[in-house]
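Structure record follows, encoded as structure tokens.
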Amino acid sequence: MSNDYIYDCETYPNVFTLAVEHAEAPLHWMFEISDLRNDSREIIAFLQYLTDTDSRMVGFNNLGFDYPVIHTLIKMGKSDARTLYDKAMAIIAAQDDEKFVHMVYPGDRFVKQIDLFKIHHFDNKARATSLKVLEFNMRSDTIEDLPFPVGTNLTADQLPTLKKYNKHDVAQTKQFYFKTLDMIRFREELTLKYSRDFMNHNDTKIGKDYFAMKLEEAGVTLYDYGSAGRTPRQTKRGTIALKDAILPWIAFEQPEFTRVLNWLKDQVITETKGIFNDITATVDGFTFVFGLGGIHGSVESKVIESTDECVVVDLDVSSYYPNLAITNGFYPAHLGASFCDIYKHLYEQRKTYAKNSAENAMLKLALNGVYGDSNNQFSVFYDPLFTMSITLNGQLLLCLLAEGLMHIDGLKLIQINTDGLTVLVPRANKWMVDAVRATWEARTKLQLEEAIYSRMFIRDVNNYIAEYEGGKLKRKGAYEYDMDWSQNHGGMVIAKVAEKVLIDGAPIRQTVEQWSEIMDFMLRTKVPRSSHLAWGDAKTQNISRYYIAKGGKPLNKWMPPLKAKPGVWRCIGVESGWNVQVCNDIKDATLPVDFDYYIREIEKLTLGLA
């Protein structure tokens with residue numbers, strides 16, 4: 001049986017509660033510190049039991065909030081609610097500038113901790129996701145927001161409500177724990193095998209740390225140590241001449257590509273952000289857009305099909321960014337040429353493991369994580385010239401491939417995006433694609449992987465469905481419904497029905513009206529604590545689930561006044577022009593769905609594709 005215990009705590013000036021639930025057994029605990037009772041010693045005794053049984057406490061943002069509060073209680077031996085509340089407020093106040101001040105490091109923790117928030121990298125601003133949002137994404141029956149404002153002095157009559165909410169959060173955290181179990185097991189395997197604590201690492205950090213570990217094993221020094229502690233070795237550059245990043249042998253026949261190449265070679269930059277604004281090249285009517293994140297371009301509002309006469313061919317470069325570095329000897333200057341040797345070793349090593357193994361997954365993370373971190377000023381991989389060498393040559397070499405392919409009679413370029421491109425070519429000339437591919441591979445020492453699409457339904461470069469031969473589907477953007485946990489899972493019926501319309505020829509209205517899964521119609525909205533949501537004339541939760549409903553009421557965001565208009569609150573409509581039914585409890589989903597809203601959204605994805 002598992003030795004994991006799911007927990008969450010709530011802090012108010014006069015009340016502290018700690019709810020705990022065993023991961024598998026039907027065992028629950030509720031502890032309280034208030035004016036009515038003080039369970040300090042019972043809490044510490046319980047934690048001692050967890051330590052003695054080598055158990056783990058599992059929470060959501062527990063390393064950043066819950067455990068430091070509990071650790072304060074452990075160090076004191078006994079505490080009142082106010083002391084723990086003050087600690088909680090100090091943690092919140094330090095989030096922007098000094099978020100590590102309250103961190104309790106692994107060696108100092110009384111009980112082992114698993115933080116689902118960190119494992120899923122929700123501590124990254126771009127992926128920030130609250131437990132309430134996860135409740136929506138997990139399709140929980142109820143989504144409950146904090147029942148009382150932070151800082152409220154609670155009455156005895158309010159305590160049962162707080163405890164009920166505390167238990168609810170633990171139950172939701174437990175549900176997410178089970179959805180994270182494979183990731184936890186993966187980290188357990190790595191921790192055991194390499195005698196290094198990977199348990200609360202996000203995927204990217206696992207890869208970077210493993211790569212760093214291999215560099216150190218090869219004798220590469222990654223850190224300097226001094227009075228300020230440990231500082232990463234880096235290559236900082238006041239300026240970067242982009243010509244120094246571009247492979248000298250790259251040259252084009254097309255004047256437009258040559259123009260872009262020459263422009264890039266003339267640039268001397270002081271930072272890597274904001275240098276690729278609206279740089280485009282149009283060749284044979286196809287527009288290539290260059291950017292720091294990679295090249296992109298696509299036909300728009302098109303249906304592209306393989307026929308007896310033509311075939312849709314997709315070519316992707318195998319592990320493009322890692323292999324660019326390996327093949328061309330690109331490396332952060334302070335790490336030396338052995339960086340490429342280790343990169344190549346890890347790439348070859350990955351191929352020896354099964355695709356579903358922990359080792360394969362970890363090595364993939366190691367290979368892909370380094371490029372992004374080379375532009376991270378806090379990383380041991382930091383060298384912006386290395387970053388530019390990868391991103392610039394990655395785009396220019398794909399342009400070389402496109403240029404070669406565009407010589408083929410009857411070939412049309414469909415898409416180009418970061419690590420590959422897609423073309424429609426007469427079947428009689430498919431052998432020419434193979435010849436251009438072989439020439440490009442020989443010249444670049446990179447490998448292209450081929451896929452044949454039977455159909456592509458393209459709104460634009462970021463939103464399309466590609467159907468492989470055999471029927472497997474590749475979905476992107478608005479057509480995607482197998483979402484990451486950090487993404488918005490709202491309105492799934494739109495993408496699901498759009499797919500049926502495009503792939504199977506299903507009728508829109510009939511399919512939507514017969515759709516049986518009510519959760520697929522659900523949408524969600526949220527506002528910060530400084531604002532509020534109003535459903536009709538009544539306030540509702542700051543994170544609320546709803547659907548477009550006949551007989552519903554308008555939903556509005558009320559935002560604080562701007563400095564230019566003091567005292568005037570701003571009202572912003574949610575789904576303006578439509579009425580909704582709020583159903584944070586799914587039992588409230590009683591009104592009929594207004595199908596017209598969803599049909600309109602589906603039509604945006606399906607109609608007008610020629």
Side-chain angles (χ1 to χ4, degrees), residues 1-8 20-27 47 49-64 66-67 104-107 109-124 127 129 131 133-135 137-140 169-214 346 349-369 482-487 489:
M1 181 174 288
S2 171
N3 269 9
D4 288 344
Y5 292 76
I6 320 300
Y7 80 107
D8 177 66
V20 185
E21 186 172 339
H22 191 274
E24 295 178 359
L27 300 173
L47 298 177
Y49 166 77
L50 297 186
T51 299
D52 293 343
T53 55
D54 197 31
S55 298
R56 302 183 298 196
M57 299 177 74
V58 181
F60 189 85
N61 196 27
N62 48 307
L63 290 180
D66 301 80
Y67 185 73
V104 181
Y105 291 94
R109 294 172 196 155
F110 191 66
V111 186
K112 294 177 183 177
Q113 300 288 310
I114 300 293
D115 190 343
L116 306 179
F117 185 79
K118 280 194 168 293
I119 288 175
H120 287 271
H121 207 8
F122 295 153
D123 51 347
N124 178 290
R127 296 176 50 82
T129 305
L131 184 60
V133 169
L134 284 177
E135 289 172 19
N137 289 348
M138 292 189 297
R139 304 187 168 206
S140 300
D169 272 8
V170 170
Q172 297 303 307
T173 302
K174 181 175 178 177
Q175 184 177 344
F176 193 55
Y177 161 81
F178 281 110
K179 295 182 182 298
T180 310
L181 263 182
D182 285 346
M183 299 174 74
I184 292 173
R185 299 292 179 251
F186 171 45
R187 284 152 178 78
E188 289 172 343
E189 288 183 44
L190 297 179
T191 297
L192 180 64
K193 182 169 184 176
Y194 297 105
S195 300
R196 186 184 183 117
D197 186 3
F198 288 99
M199 290 309 305
N200 289 297
H201 282 26
N202 61 63
D203 286 350
T204 303
K205 184 171 172 55
I206 288 174
K208 293 184 296 189
D209 277 12
Y210 183 79
F211 200 115
M213 184 173 69
K214 290 301 178 182
L346 296 183
Q349 186 180 3
R350 183 190 172 210
K351 292 190 289 186
T352 66
Y353 292 107
K355 285 190 175 182
N356 60 350
S357 67
E359 287 85 354
N360 185 287
M362 187 261 311
L363 288 168
K364 179 180 180 180
L365 298 172
L367 291 167
N368 293 335
D482 184 13
M483 313 284 264
D484 185 87
W485 289 113
S486 64
Q487 295 176 290
H489 290 215

side-chain contact (heavy atoms from CB on, under 4.5 Å) assessment of L363 paired with Q349
CA-CA 8 Å; L363 288 168; Q349 186 180 3; 3.9 Å; yes
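- Side-chain contact, Y194 with E189: no donor N or O sits under 3.5 Å from an acceptor N or O.
- Residue K364 qualifies as open at atom NZ: its count of foreign heavy atoms under 6.0 Å is 12 or below.
- Within the 4.5 Å cutoff, no side-chain heavy atoms of R196 are placed close to those of T191.
- Of all heavy-atom pairs between S140 and Q175, the closest is OG-OE1, 3.6 Å.
- Atom-to-atom distance recorded for E135:CD and Q172:CD is 4.0 Å, nearest 0.5 angstrom.
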Evaluate the criterion side-chain contact (heavy atoms from CB on, under 4.5 Å) for residue pair L27 and E21; output intermediate values, then yes/no.
CA-CA 6 Å; L27 300 173; E21 186 172 339; over 6 Å; no
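- The shortest non-hydrogen separation linking R109 to Q113 is CD-CG, 3.9 Å.
- In this structure, K351 places its NZ atom where more than 12 heavy-atom neighbours from other residues, nucleotides or ligands lie under 6.0 Å away.
- At a threshold of 4.5 Å between non-hydrogen side-chain atoms, the residues D4 and E24 do not count as touching.
- Residues D169 and L131 form a side-chain contact, since some pair of their non-hydrogen atoms from C-beta on lies under 4.5 Å apart.
- Put simply, the side chain of N3 does not reach to within 4.5 Å of the side chain of R56, judged on heavy atoms.
- D66 contributes no side-chain N or O that, together with a main-chain N or O of D8, makes up a donor-acceptor pair within less than 3.5 Å.
- Heavy-atom contacts from other residues, nucleotides or ligands closer than 6.0 Å to CG of D482 number 12 or fewer.
- Going from atom CD1 of I184 over to atom OG of S2 covers 9.0 Å, rounded to the nearest 0.5 Å.
- In this structure, Y177 has its ring center no closer than 6.0 Å to that of F60.
- Judged by distance alone, the side chain of S486 and the main-chain N or O of T129 form no donor-acceptor pair under 3.5 Å.
- Residue N61 comes nearest to F117 through the heavy atom pair N-CB, 3.2 Å, listed as atom of the first residue, atom of the second, then distance.
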Go through the steps to decide whether H120 and T180 satisfy the test side-chain hydrogen bond (donor to acceptor under 3.5 Å, both in side chains), and finish with yes or no.
CA-CA 9 Å; H120 287 271; T180 310; 2.9 Å; yes
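- Of the possible donor and acceptor atoms, one in the side chain of N200 sits under 3.5 Å from a partner among the backbone N and O of D115.
- Distance check: N62 CG to L116 CG gives 7.5 Å after rounding to the nearest 0.5 Å.
- Here Y5 contributes atom OH and L47 contributes atom CG; the two are 11.5 Å apart, rounded to the nearest 0.5 Å.
- One side chain, D209 or H201, offers a donor N or O that lies under 3.5 Å from an acceptor on the other.
- Not one N or O on the side chain of T173 forms a donor-acceptor pair closer than 3.5 Å with the backbone of G59.
- Across all non-hydrogen atoms, the minimal contact from I206 to L190 is CG2-CD1, 3.7 Å.
- Proximity of a side-chain donor or acceptor of R187 to a complementary backbone N or O of M183 within less than 3.5 Å is detected.
- Here the CG-CE distance, from N137 to M483, works out to 8.0 Å after rounding to the nearest 0.5 Å.
- Taking the charged nitrogens against the carboxylate oxygens, K193 and E188 have no contact shorter than 4.0 Å, which rules out a salt bridge.
- For F211 against A366, the heavy-atom pair with the smallest separation is CD1-O, 3.7 Å.
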S55 vs K112, test: side-chain contact (heavy atoms from CB on, under 4.5 Å). Steps then yes/no.
CA-CA 7 Å; S55 298; K112 294 177 183 177; over 6 Å; no
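- Using a 4.5 Å heavy-atom cutoff, the side chains of R350 and L346 are not in contact.
- Put simply, the side chain of F198 does not reach to within 4.5 Å of the side chain of F186, judged on heavy atoms.
- Contact of the M199 side chain with the I114 side chain is registered, since non-hydrogen atoms from C-beta on lie closer than 4.5 Å.
- Although no hydrogens or angles enter the test, the distance criterion places a donor-acceptor pair under 3.5 Å between the side chain of H489 and the main chain of D484.
- Contact check for K118 versus F122: no side-chain heavy atoms found under the 4.5 Å cut-off.
- Without hydrogens or angle criteria, N202 side chain to I119 main chain gives no donor-acceptor distance under 3.5 Å.
- Checked against the 6.0 Å centroid criterion, the rings of F176 and W485 qualify as a close aromatic pair.
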Start with the C-alpha gap between D203 and K205, add the side-chain angles, then the distance that decides, and say whether side-chain contact (heavy atoms from CB on, under 4.5 Å) holds.
CA-CA 6 Å; D203 286 350; K205 184 171 172 55; over 6 Å; no
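- No more than 12 heavy atoms of other residues, nucleotides or ligands sit less than 6.0 Å from atom OH of Y49.
- Expressed to the nearest 0.5 Å, how far CZ of R127 lies from CD of Q487 amounts to 8.5 Å.
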